[in-house]
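Shown next, in structure tokens, is the structure this report addresses.
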Protein chains: 2
Amino acid sequence: MNNTKILIVDDEAKIRNVIKIYLEKEGFSTEEACDGEEALKKFNVSKPSLIILDVMMPKIDGWTVLRKIREESSVPIIMLSARGEEYDKLFGFELGVDDYITKPFSPKEMIARIKAVIRRSSCFENVSTDVLKAGALSLMPKSRQVFLDNEEINLTPKEYELLCFLVKNQNTVFSREQLLNNVWGYNFLGDARTVDTHIKQLREKLRKHKKYIQTVWGTGYKFKVEK
Amino acid sequence: MNNTKILIVDDEAKIRNVIKIYLEKEGFSTEEACDGEEALKKFNVSKPSLIILDVMMPKIDGWTVLRKIREESSVPIIMLSARGEEYDKLFGFELGVDDYITKPFSPKEMIARIKAVIRRSSCFENVSTDVLKAGALSLMPKSRQVFLDNEEINLTPKEYELLCFLVKNQNTVFSREQLLNNVWGYNFLGDARTVDTHIKQLREKLRKHKKYIQTVWGTGYKFKVEK
DNA sequence: CAGATTCATCACAAAATCATCACAAAATAG
DNA sequence: CTATTTTGTGATGATTTTGTGATGAATCTG
């Protein structure tokens, strides 16, 4: 359900495991790295949404990893360190660190801090377009509002995301599988005909403009104005 | 293009410098001061549009500088401090602070918050409303009073701030996380569902107008009059 | 310091949404 | 025209999200 992937970097397997257990209990998915080198490699491959990075590690230390990652990404990073360790640096100013956690830490605090960092960073993401128009439809991603003939209509989250995707890519046909991949996500395991039901719901809410969503027989659906 | 001048006050040159670099990259012009005395002097001379003020400084500390500046100006001020430092004061009510940032912080976060403060303050200049109306509701920010159908209702501080925020941004949906960021502050560590409880309380106090606060299922809440 | 108020969190109830199924309707192939 | 495949749609139970009362901690007040 929660799609947030977190990369845990620590040389001690035991610590990694404890963190992993608590994060997964909260619905995060995790990835592990036991040193700086592996961390950089895994970071590039799996593109995590957040990184928990131990300061003290053999070979490449946490600060170096931090700087390398910062050269190319502003992914949220939480530094992990033993209490007392490099105290000045911890509470001084280190570029690009989003928060610190000192060992030992309570799971509750760790989760709270992770959630706070995610909350903050997601807030700074730019919203792409101000308004998406198509025929009598106007989608306003910023406020998550949808207007049909200048009247607001209520859509459920899935309906909204599906409509958004179709409008953004109007005039293009998508198979049910493509829609599942793009709207539901790649890890959705289920019946492709689920799409049909949501298309039905959308058409119902588009009322007299229901023909905006067209069936391409044997292939899938597309969004298209007029005709 | 951007004419906004920002005064950076911190005793550590390294910190000043990092902040300076990021601000100038964003098109702000900057001025520096390394202690409270110099800060006051430079403030009077160069009339900055915003001040970033470190709490811990030798000679005159940040709070004192804040008070002195507030005697003659309402320029936006963002306080800077290490986490844990003067914890109570940070979370207490300190007059005239527009925002505070705890170290460590990411540059992205800093920029975002500076822009938010500027946006807010310029907003007040233009609007400077004595009364905020929405349907049967009237909020009077100056006296912190709220009237519903011309009858005063009592709100707790949190309820008031939440309602204020929602009314100011009516017709826009906010997720629980956004509400936490904007009403509770970036430093709040806690359950997002706390928002629900306050929404409930507000609805109760809005009585027959409870539908002003609408649930957008799967997303969050919005304030909207009528319908 | 006692009593009241406010606040955050929890647990459970209520509501909305979602995925799936079964069958009807429509389109296509032969 | 008939059989077959594909799509439309209503119903249903499971899942997810939200509503809400209770509770104890923290804070304010007098």
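Given the structure is predicted, the values throughout are model-derived calculations rather than measurements. Protein chains get the first letters and strands the later ones, always in sequence-line order, with residue 1 at the start of each.
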Taken to the nearest whole Å, CD/A:E177 to P/D:dT7 is 10 Å
Taken to the nearest whole Å, CG/A:L206 to P/D:dG8 is 14 Å
Result for 5'-nearest mapping on DNA chain D, choosing between B:K200 and A:V216, is A:V216
Given the options A:K205, A:H198, A:Q201, A:E159 meets side-chain hydrogen bond (donor to acceptor under 3.5 Å, both in side chains) only with A:K205
Between A:I51 and the options A:D98, A:L7, A:I8, A:L66, the side-chain contact (heavy atoms from CB on, under 4.5 Å) test singles out A:L7
Here the distance between atom P of C:dT9 and atom CG of B:L180, to the nearest Å, is 9 Å
For the CZ atom on B:R207, are there more than 12 heavy atoms of other groups (residues, nucleotides or ligands in this structure) within a distance under 6.0 Å? no
Of the candidates C:dA19, C:dA8, D:dT18, the side chain of B:K158 sits closest to C:dA8
The answer to which of B:W217 and B:K210 contacts DNA chain D further toward the 5' end, by nearest nucleotide, is B:W217
From the candidates D:dT18, D:dT7, C:dC18, the one with an atom nearest any side-chain atom of A:D196 is D:dT7
Taking only side-chain N and O atoms of A:R193, does any of them lie within less than 4.0 angstrom of OP1 or OP2 on D:dT6? no
**Prompt:** Does a distance-only test, which skips hydrogens and angles, find a donor-acceptor pair under 3.5 Å between the side chain of A:T197 and the base of D:dT9?
**Reply:** no
Distance below 4.0 Å between B:Y221 side-chain N/O and D:dT17 OP1 or OP2: no
Rounded to whole Å, the NZ-P distance (A:K115 to C:dT9) equals 10 Å
Notebook entry, point to check: side-chain hydrogen bond (donor to acceptor under 3.5 Å, both in side chains) between A:R119 and B:N181: does it pass, once the steps are laid out?
Noted result: CA-CA 8 Å; A:R119 199 181 76 219; B:N181 280 336; 3.0 Å; yes
*asked:* Is the phosphate of D:dT17 approached by B:R176 (side-chain N or O, under 4.0 Å from OP1 or OP2)?
replied: no
In whole angstroms, the gap separating P of D:dT9 from CG of A:D191 amounts to 17 Å
Among C:dA8, D:dG19, D:dT7, the one nearest any side-chain atom of B:F188 is C:dA8
Note: for A:P157 and A:K108 on DNA chain C, the residue whose nearest nucleotide lies more 5' is A:K108
Can you confirm whether A:K47 is buried at NZ, in the sense that more than 12 heavy atoms of other residues, nucleotides or ligands lie under 6.0 Å from that atom? yes
For C:dC18 and A:W184 - does any side-chain N or O of the residue sit under 4.0 Å from the phosphate oxygens OP1/OP2?
no
Practice task
Report which part of the nucleic acid A:T194 touches: base, sugar-phosphate, or nothing (heavy-atom distance under 4.0 Å, all strands).
Solution key: base
Here the distance between atom P of D:dT9 and atom CD1 of A:I213, to the nearest Å, is 12 Å
Considering only heavy side-chain atoms of A:T156, the closest of C:dC7, D:dT18, C:dC18 is C:dC18
In whole angstroms, the gap separating C1' of C:dC7 from CD of B:E159 amounts to 10 Å
Of B:V195 and A:V195, the one whose closest nucleotide on DNA chain C sits nearer the 5' end is B:V195
Rounded to whole Å, the CG-P distance (A:L162 to C:dC18) equals 10 Å
side-chain N/O B:T215 vs D:dG19 OP1/OP2, d < 4.0 Å: yes
Testing C:dA19, C:dA8, D:dT17 for proximity to the side chain of B:H198, the answer is C:dA8
Do the ring centers of A:F223 and A:F165 come within less than 6.0 Å of each other? no
